[in-house]
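The structure appears right after this line, and notes come after that.
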Amino acid sequence: MPAPPPDFCKPPGKPVFRFAPSPNGRLHLGHALSALTNEALARRFGGRLLLRIEDIDRGRCRPEFVDGILADLDWLGIRFEQPVRRQSAHFGDYASALASLRARRLVYPCFCSRQEIRAAVMGRESAAGGAWPADPDGAPLYPGSCQMLDEAAAARRIAAGEPHVLRLDMAQAVAAIGDGAGYELFDEEGGRRFVAARPGRWGDIVLARKDVPTSYHLAVVVDDALQGVTHVVRGRDLEAATDIHVVLQRLLGLPTPLYHFHRLLIDADGRKLAKSRSSESLAAMRERGVSAGMIRHELGARPAG
Ligand code: GLU
């Protein structure tokens with residue numbers, strides 16, 4: 001009789017889901033949809049549900065917004081496992097990941113300001129007569145100006161205190177992981193479909209800044225792995241960014257979870273709900289008498305409990 005595979009006797013682990021809001025404002029209906037979709041899929045697949053507070057940007061995140069998030073989720077009746085992970089308590093984890101990429105010479109310092117990049121990229125429009133190159137979020141695609149800087153000269157500029165960011169050399173990173181990078185999308189029925197990643201369209205993304213020593217991309221892949229997340233459920237606005245996450249996971253030797261991207265809610269002007277556009281908060285809805293049950297019903301979620 002052939003030997004059983006090594007995992008034969010181990011019961012398969014439970015799927016792990018997470019909701020990961022940033023405390024830079026109060027939650028709105030779009031966040032409620034994201035949290036409730038995580039809750040629904042975790043229930044459906046018999047999974048665990050974790051909460052992560054993404055507060056790496058200490059300039060924009062505020063403790064009262066963390067309290068607000070906890071109060072709003074509690075009011076909605078969504079129960080998360082404890083403890084809640086707060087990214088600001090784990091900068092060391094992101095620093096180690098960054099150090100390993102630097103040791104492989106996949107990261108370089110960039111001294112260009114946002115204005116300089118805009119000017120360089122948009123200047124090409126008039127020269128070439130076409131649209132300027134943009135990343136999937138519509139931002140000017142960084143043209144790689146600092147990639148060729150002499151290492152000793154760059155070190156001198158850093159030592160002199162010149163402001164800079166650290167960028168991933170995307171072409172080298174893609175070459176390092178080889179062909180076939182991608183991830184599996186999963187649906188409500190448990191169906192799966194492979195999606196090939198196209199990270200090149202993002203160019204050399206920023207991995208760290210002086211004021212924020214990690215980026216969303218780096219922190220999210222490190223945390224998903226450290227928290228054992230198997231199923232990432234988030235809005236379609238983060239679908240394209242997943243291509244970056246797959247590259248970082250492969251470079252850092254981390255597993256790639258399954259992904260599901262839910263619809264986005266739009267306002268009366270047809271734009272995505274956003275804190276920056278002052279979309280009505282859940283707290284304000286609560287104050288004007290909307291109940292958690294009404295929100296669950298409106299968003300097609302099952303009652304709490
Ligand atoms: N913190 C991100 C946000 O609030 C979500 C991150 C994620 O789900 O990967 O938009």
Side-chain angles (χ1 to χ4, degrees), residues 15-42 47-62 65-66 68-70 72-73 76 78 80 84-91 93-94 97 136-137 139 183 185-186 195 197 199 202 205-207 212 214-249 252 254-266 271-279 281-282:
V16 180
F17 293 75
R18 70 5 176 226
F19 175 55
S22 302
N24 51 16
R26 292 303 301 255
L27 299 185
H28 53 61
L29 217 45
H31 298 107
L33 175 67
S34 203
L36 289 168
T37 308
N38 268 289
E39 179 195 66
L41 291 172
R48 298 162 52 200
L49 182 56
L50 311 180
L51 178 62
R52 181 165 76 228
I53 301 293
E54 302 215 318
D55 58 350
I56 52 172
D57 188 343
R58 285 173 289 192
R60 294 176 63 219
C61 295
R62 299 221 297 264
F65 293 140
V66 177
I69 287 173
L70 300 177
D72 291 343
L73 294 172
L76 283 172
I78 307 177
F80 294 93
V84 172
R85 184 174 172 94
R86 287 190 60 159
Q87 289 190 323
S88 57
H90 299 279
F91 279 110
D93 292 334
Y94 317 130
D137 280 348
Y183 58 90
L185 271 183
F186 74 98
V195 179
W202 285 100
I205 49 137
V206 172
L207 288 181
V212 185
T214 178
S215 67
Y216 156 66
H217 303 301
L218 189 60
V220 89
V221 301
V222 168
D223 280 346
D224 282 339
L226 288 177
Q227 291 190 287
V229 173
T230 58
H231 291 62
V232 172
V233 175
R234 59 189 180 193
R236 284 198 190 127
D237 51 341
L238 290 171
E239 186 163 2
T242 306
D243 292 2
I244 300 171
H245 301 169
V246 170
V247 171
L248 292 174
Q249 286 152 357
L252 295 167
L254 304 175
T256 294
L258 302 173
Y259 288 89
H260 177 90
F261 303 105
H262 60 73
R263 70 191 165 105
L264 299 177
L265 298 182
I266 49 172
R271 293 180 313 173
K272 174 172 96 80
L273 298 188
K275 291 169 193 151
S276 53
R277 276 196 283 279
S278 311
S279 299
S281 68
L282 295 176

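If you're wondering where the values come from, they're calculated on a predicted model, not measured in any experiment. Remember, it's 1-based here, ligands and their atoms both numbered in the order they're listed. All residue numbers refer to positions in the sequence shown, counting from 1.
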Measure from the ring center of His245 to the ring center of Tyr216 and say whether it is less than 6.0 Å. yes
State whether a side-chain donor-acceptor pair under 3.5 Å links Ser22 with Arg60. no
What atoms of ligand 1 come closer than 4.0 angstrom to any heavy atom of Val220? 9 (O)
For Arg18, the ligand 1 atoms whose distance to one of its heavy atoms is below 4.0 Å: 7 (C), 8 (O), 9 (O)
Under 4.0 angstrom from ligand 1, any heavy atom of Phe19? no
Please state which protein non-hydrogen atom is closest to atom 5 (C) of ligand 1 and give its distance, to 0.1 Å? Ala20 O, 3.4 Å
Across all chains, not counting sequence neighbours, the side-chain hydrogen bond (donor to acceptor under 3.5 Å, both in side chains) partners of Arg26 are Asp72
For Tyr216, take its heavy atoms, then give the atoms of ligand 1 lying under 4.0 Å from any of them. 6 (C), 7 (C), 9 (O)
Identity and separation of the nearest protein heavy atom to atom 6 (C) of ligand 1: Glu54 OE1, 3.3 Å
Tell me the protein heavy atom at minimum distance from atom 10 (O) of ligand 1, and give that distance in Å. Leu238 CD1, 4.4 Å
Flag the pair Asp57 and Arg62 as a salt bridge only when some basic side-chain nitrogen lies within less than 4.0 angstrom of an acidic carboxylate oxygen. no
For the pair Asp55 and Arg86, evaluate side chain to side chain contact (heavy atoms under 4.5 Å, CB included) and give the outcome as yes or no after the intermediate values. CA-CA 7 Å; Asp55 58 350; Arg86 287 190 60 159; 3.1 Å; yes
For the residue pair Gln227 / Arg52, report whether a side-chain donor-acceptor contact shorter than 3.5 Å exists. yes
